[in-house]
Amino acid sequence: MAEKTQAKAAGAEIDAAGARDLYRRMRLIRTFEDTVQSQFQKGNVHGTTHLYSGQEASGVGVCSMLRDGDKVAGTYRGHGHSIALGVDPQKLMDEMLGRETGACGGRAGSMNVVDVEADLIGCFGIVGGSIGAATGAALAEKLRRTGNVAVAFFGDGTSNQAYFHESLNWAQIEKLPVIFVCENNLYMEFTPIENVTAGAIGSRPQAMGIHYRQVDGNDVFAVREAAGEAIEHARSGAGPAFLETMTYRFVGHSRSDPGKYRKPGELDEWKKRDPLVLGRKALEERYGLDPERLDQIDAEVAKQLEEIVERGLAAPFPDPANVGGEFK
Amino acid sequence: MAEKTQAKAAGAEIDAAGARDLYRRMRLIRTFEDTVQSQFQKGNVHGTTHLYSGQEASGVGVCSMLRDGDKVAGTYRGHGHSIALGVDPQKLMDEMLGRETGACGGRAGSMNVVDVEADLIGCFGIVGGSIGAATGAALAEKLRRTGNVAVAFFGDGTSNQAYFHESLNWAQIEKLPVIFVCENNLYMEFTPIENVTAGAIGSRPQAMGIHYRQVDGNDVFAVREAAGEAIEHARSGAGPAFLETMTYRFVGHSRSDPGKYRKPGELDEWKKRDPLVLGRKALEERYGLDPERLDQIDAEVAKQLEEIVERGLAAPFPDPANVGGEFK
Amino acid sequence: MPEDNETIEYRVAIREAIGDEMDRDESVVFFGEDVAIAGGVFAVTPGLHERFGERVIDTPISELAMSAGAFGAAVNGLRPIFEIMFADFLLLSMDSLVNQAAKYWYVSNEQAPCPLVVRSAMGAGGNFGAMHSQSPIPWLQGVPGLKVVAPATAGDAYALLRQSIRDENPVAFLEHKRLYSVKDPVSEVETLPLGEAAVVREGADVTLVSISKGVRDCLRAADELAEKGVGAEVVDLRSLRPLDTETVLASVAKTNRVVMVEEGPLVGGWAANLLGIVAAEGLHDLDDAWVIACPETPIPYTPTLEDAFLPDEGRIVHEVETRLGLRAEIATGA
Amino acid sequence: MPEDNETIEYRVAIREAIGDEMDRDESVVFFGEDVAIAGGVFAVTPGLHERFGERVIDTPISELAMSAGAFGAAVNGLRPIFEIMFADFLLLSMDSLVNQAAKYWYVSNEQAPCPLVVRSAMGAGGNFGAMHSQSPIPWLQGVPGLKVVAPATAGDAYALLRQSIRDENPVAFLEHKRLYSVKDPVSEVETLPLGEAAVVREGADVTLVSISKGVRDCLRAADELAEKGVGAEVVDLRSLRPLDTETVLASVAKTNRVVMVEEGPLVGGWAANLLGIVAAEGLHDLDDAWVIACPETPIPYTPTLEDAFLPDEGRIVHEVETRLGLRAEIATGA
Ligand SMILES: Cc1ncc(C[n+]2csc(CCOP(=O)(O)OP(=O)(O)O)c2C)c(N)n1
Ligand SMILES: Cc1ncc(C[n+]2csc(CCOP(=O)(O)OP(=O)(O)O)c2C)c(N)n1
Ligand SMILES: [Mg+2]
Ligand SMILES: [Mg+2]
């Protein structure tokens with residue numbers, strides 16, 4: 001719960017403390033992902049994982065502009081979306097570790113986390129699922145007149161799939177308060193997005209008259225500004241908004257990906273625009289935060305993750321006798 | 001086979017005889033549909049039917065620009081597409097009547113006719129199916145380097161569905177020789193298209209960089225001209241083309257539709273632009289055909305249909321002992 | 001619903017069940033293609049839009065988005081009902097039904113329910129052809145988390161639909177096209193539990209098991225068989241998941257013979273599946289057991305072929321007579 | 001393929017089957033997400049794009065268009081193979097597979113075949129969670145016109161895939177994820193007919209029937225049972241449509257006891273369905289019959305739960321021992 005409050009505490013106008021929180025949240029995601037990776041290699045995290053490293057500013061920027069009650073649908077690359085929204089990283093790590101104390105008691109794993117308390121309606125292992133689900137969640141918010149919005153995160157490659165097209169159209173027809181956040185990391189798995197996508201992604205929502213903006217997805221402040229506008233648009237009843245956050249994935253698509261498809265030098269170029277590097281710079285320049293303070297945050301987060309893993313590894317696995325589950 | 005040749009005989013440049021053929025073909029469709037309707041009421045045609053009446057210029061205009069080997073995928077509203085392409089109306093009527101002599105031996109019925117010999121890969125009862133199928137057929141033509149194209153017919157309402165989006169994108173990526181013909185009759189069943197469709201349909205293919213044109217779908221000559229361009233584009237290897245033919249359905253959506261949703265006066269306005277009325281006018285004005293010659297065609301077609309029904313009703317039903325069928 | 005003991009049309013019973021639940025619970029909403037202003041292509045839902053306004057919505061032709069929209073709304077406080085016009089089109093919705101709705105309760109570790117109902121018109125017999133006549137049961141029954149309900153009477157349709165709407169997890173509610181115009185007594189109860197089969201006719205010699213329209217075929221067959229001195233017990237499964245094997249086993253323990261009648265294929269169908277479960281649990285009660293199903297092909301259009309394709313009471317009577325040896329007796333004049 | 005009698009990895013056998021058919025027949029093409037340049041996420045198809053160029057294509061994430069594209073190409077002269085990365089995603093393709101491909105041959109009155117193969121990785125055991133671990137068999141088996149093939153060994157994978165590609169109608173070719181790295185002897189034959197089960201181990205006391213990975217579990221169980229003096233015959237179905245009930249019935253006629261082992265639910269699964277068919281045709285051969293299947297829930301992620309969820313040789317041995325009374329004997333020291 002503390003995490004949840006902190007995630008959204010930033011508000012529209014932020015002071016230095018708020019800015020620090022944004023940075024901390026991005027660092028938390030990065031360190032979380034590094035930890036998942038190392039725990040995966042140790043055999044403590046199972047199956048497969050899709051890490052969010054490099055894309056932190058997108059999730060953190062968008063979620064920091066939400067208010068309690070707004071709903072989020074993430075993807076299989078959803079640790080970042082979850083932490084950005086305020087899911088307790090302990091519960092999340094425990095889920096990866098398959099423990100009873102996990103967000104879903106070990107039933108979900110990396111790709112399908114749900115945390116209703118945190119307003120995370122779910123992470124969706126099936127490409128496009130988040131789009132359809134958030135559209136439906138927005139329908140509920142509209143009919144219940146809550147003033148809440150719903151956010152769908154998804155990737156560039158997902159813009160070629162059924163859920164994308166059908167849901168965008170329906171959302172626009174019904175003027176649903178949903179924000180479609182396309183995290184364009186230039187690749188659909190191992191394939192450059194231009195090889196599989198006709199035209200610019202942005203022209204698709206625009207063809208339906210949906211409010212659209214493209215933004216630097218590695219600059220958390222730029223994302224916040226654009227997300228704020230998109231959320232405002234949706235919340236006002238004007239219908240869906242579409243945000244394309246241009247970003248880059250620093251690690252493999254999933255656990256076993258050597259990244260051979262990357263263009264030479266591309267990764268290095270993007271690393272110069274690491275959201276954490278950009279974040280530090282902005283914090284130092286705009287908020288006069290000194291580097292030591294930020295190093296200290298890094299150290300705190302590192303410590304936090306160590307403790308999380310320690311507690312997670314000590315937590316019990318679910319009792320196999322309870323495999324069944326009951327359907328209400 | 002005679003029918004087939006006739007359908008495409010018109011060629012790009014047509015003389016008076018070719019123009020008469022276009023008119024005859026449209027009249028054949030209209031009279032065929034009227035006959036299906038009356039046979040349905042008599043209980044000789046079963047299940048349900050979706051008639052093409054009013055939309056004849058679209059199918060005839062497009063198909064008259066094809067050459068043998070080009071493939072067509074029609075819809076549940078497919079009698080028109082079939083006849084326009086040159087499917088033998090006797091075989092088609094026999095299929096409606098459920099006879100052994102039908103195009104599919106009575107197995108298919110109104111919505112799912114296939115006539116491989118006529119290059120009709122099929123009519124598709126599932127909305128959007130024609131789009132996916134024609135895209136695949138075009139892939140085959142491309143890889144086999146035949147120079148043939150494939151045509152998908154579908155309605156305005158179908159532009160909101162999964163097959164539409166996914167297939168358009170893929171076709172454009174692979175530069176497939178496929179022509180998407182959206183017959184915009186302003187309604188998806190009983191719902192005005194604007195109630196269920198965000199933005200203009202044409203902006204969707206355009207968002208993908210697909211060659212697009214809208215055309216008066218009731219003017220067979222205008223359709224021919226636009227179709228010629230679209231086919232040429234696709235055949236040249238430049239990728240898919242999208243043609244939106246603006247038209248109107250004169251009859252109910254399917255067998256039991258009183259048409260209450262129509263705007264007042266709308267039907268009457270469109271009847272003034274009946275493709276047959278426009279066709280006659282053009283033939284008289286441009287080719288100097290006299291009205292009696294056209295009346296004579298009408299009478300010939302009426303007679304043709306009478307004979308078709310007579311033969312159809314005399315044909316045997318398939319033997320129920322053969323219900324099984326064998327899968328190769 | 002009417003309170004006297006009159007009859008009601010199946011389609012009207014469904015309409016009233018929706019209306020009554022929408023009255024009772026504000027969170028119930030209903031959407032589908034042409035269901036609102038036009039009242040649905042099978043004339044099941046006229047009047048609901050007028051009564052409930054924005055809670056009854058016409059959608060684009062977007063079966064997948066519709067299903068996912070229902071899912072998203074269901075996990076976010078609504079109880080959506082949506083219509084997939086013909087059950088054949090459920091194939092376009094399946095990812096959302098199976099990968100989203102059916103899994104939510106379990107995978108979320110029972111954090112939140114997913115109360116949605118998908119209504120759909122299934123079944124052959126109307127010459128609608130291969131893509132507008134299918135039973136979706138073979139695709140849906142093996143999906144843990146998704147209930148599959150298919151009422152045989154108007155009364156059951158009313159009570160089972162009300163319960164389906166109240167259910168905390170997804171329900172596929174399948175309405176046989178050939179039943180829309182039948183009239184039956186109105187339901188005496190507001191709801192019926194899901195997963196309870198009913199013995200709709202008692203008999204001592206053979207058990208006929210079916211669901212939906214098949215139950216009515218079995219009942220007519222039982223009438224005919226009674227005239228020939230065979231007492232057929234008829235079990236209406238009412239739902240295929242949960243599956244009430246107890247009621248079937250109890251009946252079989254009594255009659256020792258069972259026939260499952262399915263409008264669908266033998267291979268991969270519910271009928272042989274249920275027979276397998278019965279065999280596993282009640283093998284020694286069985287003297288004879290078989291399945292009446294359709295040929296292993298798509299459904300043909302033309303009446304002669306479609307009639308031959310579908311099981312009907314004539315075939316049930318004939319097979320029971322034959323398997324029970326009555327045919328031989330008749331033939332030999334015994 | 002290698003011509004000596006070496007072993008081959010399952011994934012390599014599949015690769016070679018595709019390559020050999022593409023060599024043999026120009027009309028064979030192959031496409032899917034990341035299958036060409038990257039060689040597939042399960043490393044099944046590296047090298048094919050280099051060998052066959054534009055006949056091996058990377059597609060967008062468009063499972064429905066891909067399936068319809070295969071259909072359209074198949075009815076227009078090609079023999080497409082396409083990959084649906086995880087079988088769970090087949091749910092997005094189903095309309096095209098079921099309403100288009102499976103129906104074409106029959107509905108067109110056998111005018112034209114529809115030769116396509118959809119390859120897909122199915123199955124649990126790798127902690128991939130509920131939406132990346134399913135067996136699609138419950139959704140696909142009850143679709144007349146669609147063959148469902150699932151090889152248990154690398155050798156069978158090679159020969160069955162080559163035959164599937166040559167088949168004139170659509171085939172769902174299901175590869176169990178847990179088998180990709182197994183090694184088996186290379187196939188001695190170029191093709192194996194679809195719809196023929198194999199008795200892969202003989203035994204007199206009980207018949208174990210399974211498919212895909214389950215067959216290997218049964219074989220290990222049979223080894224263990226042999227040590228306890230029980231002769232288990234193992235039948236590998238190899239395909240679920242066509243379904244070779246004859247081979248099962250013949251085995252049951254010999255052993256009088258049968259267990260079907262399914263990685264999937266009991267209700268709506270193939271195992272109970274097959275048992276029902278066996279009961280209908282061979283009731284009096286059966287002394288005992290049952291099904292080993294999964295709980296009626298989605299598939300859990302964490303190892304402790306997933307292990308408990310899945311049938312394995314331990315459970316097979318235990319249940320056979322118990323049902324055959326050996327447990328009691330052991331317990332009483334008999
Ligand atoms: C329907 C479906 N198809 C395929 C996959 C396998 N898959 C997982 S992630 C992915 C690529 C998605 O690319 P993109 O949308 O760009 O998101 P990113 O992974 O880059 O964040 C694919 C193909 C899936 N999970 N679901
Ligand atoms: C997937 C699917 N959903 C719904 C239907 C039922 N249906 C048949 S025609 C139709 C309307 C199609 O409208 P449009 O695309 O405008 O074509 P039109 O009928 O006007 O020619 C609908 C909803 C269907 N056949 N398939
Ligand atoms: Mg991407
Ligand atoms: Mg229309």
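Letters go in sequence order (proteins before strands), and every chain restarts at 1. Predicted model, so just to flag it, every value in this text is computed and none were measured.
- Comparing A:A73, A:A140, A:A162 by how many heavy-atom pairs each has under 4.5 Å with chain C, the most go to A:A140.
- The parts of A:N112 that come within reach of chain C are both its backbone and its side chain, each placing non-hydrogen atoms under 4.5 angstrom from that chain.
- A donor-acceptor distance shorter than 3.5 angstrom exists from the side chain of C:Y104 to the backbone of A:I121, with no hydrogens or angles considered.
- For chain A, the option among C:P242, C:S27, C:G145 with the highest count of heavy-atom pairs below 4.5 Å is C:G145.
- Contact annotation for C:E63: only backbone heavy atoms (N, CA, C, O) come within less than 4.5 Å of a heavy atom of chain A.
- The contact between C:E54 and chain A is made by backbone and side chain atoms together, counting heavy-atom distances below 4.5 Å.
- The two residues A:V116 and C:A112 make their nearest non-hydrogen contact at CG2-CB, 3.7 Å.
- Without hydrogens or angle criteria, C:Q111 side chain to A:A103 main chain gives a donor-acceptor distance under 3.5 Å.
- If you measure heavy-atom distances from C:Y106 to chain A, the contacts under 4.5 Å come from both the backbone and the side chain.
- Residue C:E26 qualifies as open at atom CD: its count of foreign heavy atoms under 6.0 Å is 12 or below.
- Closest heavy-atom contact between C:V107 and A:R107: O-CB, 3.8 Å.
- No side-chain donor-acceptor contact under 3.5 Å links A:E166 to the backbone of C:M66.
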>> If you apply the rule side-chain contact (heavy atoms from CB on, under 4.5 Å), what do you find for C:N109 with A:V114, and how did you get there?
In response: CA-CA 9 Å; C:N109 204 23; A:V114 175; over 6 Å; no
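- With a threshold of 4.5 angstrom between heavy atoms, A:N148 does not approach chain C through any atom at all.
- For C:L194, no part lies under 4.5 angstrom from a heavy atom of chain A.
- Within the 3.5 Å criterion, the main-chain N or O of C:N76 finds a donor-acceptor partner in the side chain of A:R144.
- Interface remark: A:E174 contributes side-chain atoms only to the contact with chain C (heavy atom separation under 4.5 Å).
- Proximity to chain C (any heavy atom under 4.5 Å) is shown, for A:A108, by both the backbone and the side chain.
- Looking at C:A102, only its backbone comes within 4.5 Å of chain A, counting heavy atoms on both sides.
- Looking at A:A171, there are no atoms closer than 4.5 Å to chain C (heavy atoms on both sides), in backbone or side chain.
- In this structure, the side chains of A:F124 and C:N99 stay at 4.5 Å or more apart for every pair of heavy atoms.
- Looking only at heavy-atom pairs under 4.5 Å with chain A, the residue among C:T59, C:D95, C:L78, C:L64 that has the most is C:L64.
- Using a 4.5 Å heavy-atom cutoff, the side chains of C:S62 and A:W170 are not in contact.
- Closest approach of A:A133 and C:F71 over heavy atoms only: CB-CE2, 3.6 Å.
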